[in-house]
K.L.:
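Structure below; questions to follow.
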Protein chains: 2
Amino acid sequence: MEQIRNYFSKFIVLTDTEWNAFSSAIRKETCTKKQFLLQQGEECDFIAFVGEGLFRFYYLQEGEEKITAFFFPGDFVSNYRSFLTRQPSEHYIESMSDSVIYKIHRNELNALYNEYKSIERLGRLIAENLYLVVTKRLDSFLYSTPEERYKELLNRNSRLLQDVPQYMLASYLGVKPETLSRIRARKQAD
Amino acid sequence: MEQIRNYFSKFIVLTDTEWNAFSSAIRKETCTKKQFLLQQGEECDFIAFVGEGLFRFYYLQEGEEKITAFFFPGDFVSNYRSFLTRQPSEHYIESMSDSVIYKIHRNELNALYNEYKSIERLGRLIAENLYLVVTKRLDSFLYSTPEERYKELLNRNSRLLQDVPQYMLASYLGVKPETLSRIRARKQAD
DNA sequence: AAAATTCGTTGACTCTGATCAAGAAATAAA
DNA sequence: TTTATTTCTTGATCAGAGTCAACGAATTTT
């Protein structure tokens with residue numbers, strides 16, 4: 001749990017009292033490979049913090065998996081849209097390896113928001129952080145070609161390349177596996 | 001100003017005291033058509049609320065304007081990324097008509113965050129709201145074709161179609177003006 | 001109102017990624 | 001280790017958006 005407190009300190013430093021209240025609302029969970037944290041149609045009533053492992057967040061479109069995001073240790077894993085709007089999720093969240101997460105449920109988080117100003121602030125900082133993450137991804141689709149997105153990935157996120165099969169990377173980049181294979185072949189030639 | 005208080009009530013209802021503090025940090029500004037609210041390279045140190053008018057948020061890529069967003073009355077207009085990260089803006093914000101906005105600067109907002117829990121919460125709700133806006137737009141790029149995005153626009157945002165020239169809509173949809181013209185011609189045929 | 005400019009449409013052609021198909025390589029299962 | 005399955009690569013072809021160019025329509029300027 002102290003590991004988590006340390007991770008969270010990049011957002012805000014909580015007093016012992018605040019941390020005790022917060023941490024007692026958190027539940028540690030483990031899961032094995034290929035387990036669903038959330039299925040399509042379910043409402044997402046939690047935010048979880050990834051301690052160990054890897055998750056993918058995807059949408060099923062006519063039988064095809066469209067991967068929207070990966071979640072690594074240090075990331076928040078949730079369908080944050082469903083969490084905020086209370087609408088059923090259109091996405092699946094699935095573990096890609098044995099994983100450890102720290103989960104907090106909406107009701108308990110809301111109670112903490114009401115009780116502690118610092119946790120209300122933590123909630124703001126998390127929302128702001130998630131905003132920055134999605135806008136960055138949106139920008140990469142608005143302003144870059146698949147090849148540029150792949151290059152970007154090479155520079156910024158080596159974990160993705162190590163831990164994720166190529167056909168999933170292709171989906172994440174918004175292209176077909178054949179196309180990513182050709183992009184890589186092209187780059188070899190340079 | 002009461003108009004603004006009413007608009008904000010969809011996020012949170014402030015007491016008179018809180019509202020007085022908040023509203024005294026807000027400055028009303030007017031601008032005419034084609035004025036820059038923010039230029040590339042500047043740091044965005046404000047969030048503004050659109051009272052009247054229309055703004056576009058765009059990125060200049062090799063001389064070409066790539067429109068990322070439009071802001072209508074009731075929207076927050078800001079480079080929220082630059083606001084949060086204190087990095088210089090890569091985008092321009094330009095008025096498309098005579099407009100009225102209500103601006104609050106980062107320093108004053110932060111002071112209010114510190115002083116009032118309810119305004120801290122307002123900040124969270126705004127961040128959450130902006131998150132939902134960008135994820136929706138990201139999803140439209142991840143899961144839809146330009147034609148589907150155009151149809152979506154027809155159904156959901158009639159103001160865009162009325163007030164925005166077609167070549168800007170094309171940019172917003174991520175296609176060239178010629179392509180949007182052909183999409184429209186195709187749809188006529190149905 | 002006339003002229004100038006900007007905006008929207010259409011055609012011919014190009015380019016990039018998708019699709020379909022086959023086979024090689026890598027990984028998992030027996 | 002052998003077999004089976006999944007993943008990756010490569011080729012041929014297709015489809016949709018981009019580019020370039022011309023022209024008509026609409027708007028703005030004079």
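None of the values given here were measured: they were computed from a predicted structure. Throughout, protein chains are lettered first and strands after them, A, B, ... in sequence-line order, and every chain is numbered starting at 1.
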K.L.:
Is the closest side-chain donor-acceptor distance between B/R184 and B/Y150 under 3.5 Å?
P.N.:
yes
K.L.:
What N/O pairs connect the protein and nucleotides 16-20 of chain C at under 3.5 Å? Give each pair on its own line.
P.N.:
unit_1: C/dG17; atom_1: OP2; unit_2: A/R186; atom_2: NH2; d: 3.4
unit_1: C/dA18; atom_1: OP2; unit_2: A/K176; atom_2: N; d: 3.2
unit_1: C/dA18; atom_1: OP2; unit_2: A/T179; atom_2: OG1; d: 2.5
unit_1: C/dT19; atom_1: O4; unit_2: A/R182; atom_2: NH2; d: 3.0
unit_1: C/dC20; atom_1: N4; unit_2: A/E178; atom_2: OE2; d: 3.4

K.L.:
Please give, in whole Å, the distance from D/dT6 P to A/M168 CE?
P.N.:
13 Å
K.L.:
If I take atom OH in residue A/Y167 and atom P in nucleotide C/dT27, what distance separates them, rounded to the nearest angstrom?
P.N.:
13 Å
K.L.:
What is the distance from CG of B/L169 to P of C/dT6, rounded to the nearest Å?
P.N.:
20 Å
K.L.:
Counting just side-chain N and O atoms, does B/Q166 come under 4.0 Å of either OP1 or OP2 of C/dT9?
P.N.:
yes
K.L.:
Going by an N to O cut-off under 4.0 Å, is there a salt bridge joining A/E18 and A/R121?
P.N.:
no
K.L.:
Hey, do the aromatic rings of A/Y131 and B/Y131 have their centres closer than 6.0 Å?
P.N.:
no
K.L.:
If you measure from the Lys or Arg side-chain nitrogens to the Asp or Glu carboxylate oxygens, is any gap between A/D16 and A/R5 under 4.0 Å?
P.N.:
yes
K.L.:
With the threshold set at 4.0 Å, does a side-chain nitrogen-carboxylate oxygen contact exist between A/E64 and A/K176?
P.N.:
yes
K.L.:
For B/K33 and B/P177, find the nucleotide of DNA chain D closest to each by heavy atoms; which residue's nucleotide sits nearer the 5' end?
P.N.:
B/P177
K.L.:
Given atom NZ of A/K34 and atom C1' of C/dT27, what is their separation to the nearest angstrom?
P.N.:
12 Å
K.L.:
Between B/R184 (CZ) and C/dC7 (P), how many Å, whole number?
P.N.:
15 Å
K.L.:
With ring-ring contact (aromatic ring centres under 6.0 Å, His included) as the test, pick out the partner of A/F49 among A/F76, A/Y102, A/F22, A/F72.
P.N.:
A/F76
